[in-house]
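Note that ligands are numbered from 1 as they come in the structure, with each ligand's atoms numbered from 1 the same way.
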Amino acid sequence: MIKSKIQVGKSAIGYNLFAWFAHFNHSITHHLNHREMRYFFTLFITLLSQFLLAQNDTIYLTNASFEGTPGAGILNGKMPEGWYDCGFPGESMPDVHPAPGEGVFGVKKPAYDGKTYIGLVVRENETYERVGQRLSAPMKAGVEYAFNIYLCHSEVYMSLSRTSNMEVNYAQAIKLRIWGGEGYCDRKELLGESKLVIDKQWLRYDFIFRPKINVKYITFEAYYKEPTPYPYNGNLLMDKASAIAPTGNTFDASLSNIDGKNVQTGINANSDNEKSNIDTSNFADLKRFEYTRPLMGTEFKIIIYHTDEAVAKQAADKAFIRVAVLEKVFSDYDENSEISWLSDAGKATDISDELWTVLTYAQEVAERSEGAFDVSVGALSKLWRKAFREKEFPSKADIRKALETVGYQSISMRERNNAVKLYKEGMRLDFGGIAAGYAVDEAIAWLKVSGINMYLVDGGGDIRCGMAPPGKPGWEIEVPDKLVNGELTFKKVFYKNTAITTSGDTYRYLEYEGKRYSHIIDPHTGYGLTNRRIVTVTAPTCMEADAWATAACVGIKKLLTVDLRDKENIRVSILEEGDR
Ligand code: AMP
Ligand code: MG
């Protein structure tokens with residue numbers, strides 16, 4: 001997390017006030033001289049401008065609730081007042097819903113606010129709908145803004161397929177992207193991106209915008225990008241956009257963001273709200289289905305409770321395909337994976353969103369753990385893996401050479417064209433400590449798209465579960481309990497709606513001269529860890545749990561200074577040899 005500037009700003013004002021007050025007290029016995037008056041005046045102006053900044057910079061959208069005449073958007077038709085069609089040439093415009101009776105394309109959902117809302121689709125011909133407008137006043141570079149909008153997914157959205165020309169359901173869930181620019185439809189800076197909008201009822205999505213340019217125009221874009229195993233026809237409904245209000249925080253917009261954090265994307269407050277579309281009326285009919293598939297170098301397991309086997313099976317299949325696609329991105333064993341290509345070339349542009357997302361978070365964890373977690377350890381992992389395989393300890397010279405290629409600070413990320421560059425010669429990326437967790441999250445996103453809420457996905461120890469199974473307080477999961485005299489014991493705990501991961505040297509280690517070397521590497525020394533430590537982390541997402549578990553194996557002291565618990569609800573529990 002970046003320290004918000006408001007604290008700095010506030011205390012600066014506080015200090016000024018205090019200094020002035022002390023000064024004033026003192027000078028009350030004298031007369032205010034020239035210097036003091038000037039000081040007082042400057043202070044007054046400073047406070048006044050701070051006050052005005054907080055009051056007056058709220059930006060209002062025109063027709064924020066998308067009121068208009070319900071109907072199918074046609075080529076060169078009329079948009080709801082205030083909005084401009086930023087779609088693809090030759091494609092029809094966004095539709096306004098709901099039309100009385102059968103609705104437009106079967107979309108009947110009542111508006112969240114006012115009478116109508118707008119529907120955006122992505123199509124299998126890789127066109128997406130977008131709408132935009134000019135802002136009532138520009139967002140200023142370096143000023144942080146808060147914004148929210150109500151989003152929803154329609155299960156039915158019948159329209160013509162652009163490839164088969166038959167009527168199909170644009171049923172897939174998609175994301176909303178929000179862009180800032182300098183002209184109509186200009187997508188210069190990505191201000192925010194939602195998660196997949198899978199909920200069938202209106203939910204509020206909150207965004208923090210941190211523009212690095214002065215944003216005069218805003219564009220809302222329906223979005224889903226390759227790689228996806230399916231031709232994508234999806235929809236998103238939008239209603240009741242808020243004003244865009246300064247939060248009071250500012251930041252340095254000129255900072256070149258090596259880690260991509262300053263332009264981080266928006267977070268949806270509710271998308272993990274597992275209660276959103278649960279129908280508890282037919283609990284008795286729920287059956288348990290379990291599926292496994294060898295993926296990402298481990299056995300991926302999906303357990304689902306559902307009434308309908310066909311639905312469960314299809315959902316699990318989709319989720320597995322999703323993981324298979326991610327394997328193609330993140331596997332460092334596969335020399336044709338995206339990260340292998342990136343490591344080979346040392347740079348790439350237009351990297352996949354998946355890689356961007358995971359790398360962004362990996363860099364955040366690297367920074368916050370002071371390099372305990374570092375995905376640039378690839379050359380070292382390669383060396384140690386060979387050592388594990390051949391049961392031969394690597395030479396000091398080899399370790400030193402590989403160590404020279406490591407350093408997360410030498411990875412640069414540029415949002416403009418999703419470009420990544422590795423600045424150290426020979427640097428190789430290894431996502432073994434984070435990608436499985438992300439794959440579990442993505443598998444779950446696909447289960448949810450199919451309306452499944454009672455699930456457990458286990459990506460080889462990276463676990464995430466949803467609603468508790470029928471009649472149970474949660475999913476029963478074995479977690480490390482005690483580590484005594486080298487013996488690890490487990491206990492059974494019930495979990496629901498959480499992710500849980502364990503890291504440590506339990507299964508994979510190399511013994512050399514009486515010492516055990518773990519597959520987790522200390523990026524500062526280049527050696528596999530030799531301490532016996534088992535870390536269990538629970539977190540809202542499996543990617544977070546996975547990354548922090550690995551990080552905590554390398555360096556707990558540093559992590560103790562990081563506040564994971566209160567803000568992020570990430571809990572780290574550590575067993576050390578000798579603990580009881
Ligand atoms: P996990 O099982 O999630 O703790 O991840 C262990 C894997 O992460 C190893 O097998 C390596 O592929 C990778 N790895 C090893 N050391 C590190 C490190 N210091 N930071 C990030 N990833 C690492
Ligand atoms: Mg991990």
Side-chain angles (χ1 to χ4, degrees), residues 296-300 327 330-334 337 339-340 343 358-359 361-389 394 399 402-403 405-411 427-441 458-464 480 499-510 516-539 541-556 558-559 564 570 572-575:
M296 288 206 143
T298 177
E299 183 160 85
F300 245 81
E327 193 171 5
F330 291 107
S331 170
D332 51 342
Y333 291 89
D334 178 352
S337 70
I339 66 151
S340 292
S343 297
V358 178
L359 184 55
Y361 193 66
Q363 291 293 79
E364 179 181 330
V365 178
E367 197 165 285
R368 293 169 71 188
S369 68
E370 294 178 26
F373 185 84
D374 190 334
V375 290
S376 71
V377 294
L380 285 166
S381 325
K382 217 169 162 182
L383 187 66
W384 281 95
R385 267 187 219 144
K386 184 160 166 284
F388 278 81
R389 226 176 19 246
I399 291 173
L403 188 57
T405 69
V406 178
Y408 71 93
Q409 299 96 332
S410 301
I411 304 174
M427 180 185 279
R428 297 204 72 83
L429 301 181
D430 173 359
F431 286 84
I434 185 169
Y438 176 70
V440 168
D441 291 334
D458 180 351
D462 294 305
I463 299 171
R464 183 167 156 191
I500 176 159
T501 271
T502 296
S503 273
D505 66 347
T506 347
Y507 308 110
R508 292 166 62 190
Y509 59 88
L510 177 74
R516 290 163 70 130
Y517 292 85
S518 159
H519 66 121
I520 300 175
I521 297 158
D522 184 339
H524 299 118
T525 65
Y527 281 78
L529 299 177
T530 51
N531 52 358
R532 278 226 72 185
R533 182 183 294 161
I534 308 288
V535 178
T536 308
V537 176
T538 60
T541 71
C542 208
M543 173 167 76
E544 293 166 310
D546 192 1
W548 285 107
T550 309
C553 279
V554 181
I556 5 174
K558 279 160 197 155
L559 295 196
L564 291 168
I570 298 173
V572 182
S573 112
I574 294 157
L575 296 177

Taking distance alone, with N or O pairs closer than 3.5 Å, would you say [X] contacts ligand 1?
X      : value
Phe373 : no
Asp546 : yes
Ser503 : yes
Ala372 : yes
Ile521 : yes

Audit row: Leu429, Ile411, side-chain contact (heavy atoms from CB on, under 4.5 Å) steps and yes/no: CA-CA 10 Å; Leu429 301 181; Ile411 304 174; 3.9 Å; yes

Protein N, O or S atoms lying under 2.8 Å from the Mg ion (ligand 2), listed by chain and number: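 You should have found Gly433 O, Asp546 O, Asp546 OD1, Thr550 OG1.
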
With sequence neighbours excluded, what pairs up with [X] under the salt bridge (charged side-chain N to carboxylate O under 4.0 Å, His left out) test?
X      : value
Asp522 : none
Asp441 : Arg464
Asp430 : Arg385

Check each atom of ligand 1 against the heavy atoms of [X] and keep those under 4.0 Å away; list them by number with element.
X      : result
Arg385 : 12 (O)
Pro523 : 19 (N)
Thr550 : 1 (P), 3 (O), 4 (O), 5 (O)

Nearest-0.5 Å distance, CG of residue Leu403 to OG1 of residue Thr525: 7.0 Å

Any Ala549 heavy atom less than 4.0 Å to ligand 1: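 Per 4.0 Å heavy-atom rule, Ala549 does not contact ligand 1.
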
Lys382 touching ligand 1 at heavy-atom level, < 4.0 angstrom: no

4.5 Å side-chain heavy-atom contact, Phe373 and Val554: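 No, their side chains stay 4.5 Å or more apart.
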
Cys542 vs Thr501 side-chain heavy atoms within contact, under 4.5 Å: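 In short, these two side chains touch, coming nearer than 4.5 Å.
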
Mutual orientation of the aromatic rings belonging to Trp384 and Tyr517 [parallel < 30°, tilted 30-60°, perpendicular > 60°]: parallel

CA sep, side-chain torsions, deciding dist, call: Val440, Phe300, side-chain contact (heavy atoms from CB on, under 4.5 Å): CA-CA 9 Å; Val440 168; Phe300 245 81; 3.9 Å; yes

Asp374, portion touching ligand 1 at heavy-atom distance under 4.0 Å: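 Only the backbone of Asp374 comes within reach of ligand 1.
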
side-chain contact (heavy atoms from CB on, under 4.5 Å) between Tyr361 and Glu544, worked out: CA-CA 8 Å; Tyr361 193 66; Glu544 293 166 310; 3.4 Å; yes

Evaluation steps, side-chain contact (heavy atoms from CB on, under 4.5 Å), between Ile399 and Tyr527: CA-CA 8 Å; Ile399 291 173; Tyr527 281 78; 3.6 Å; yes

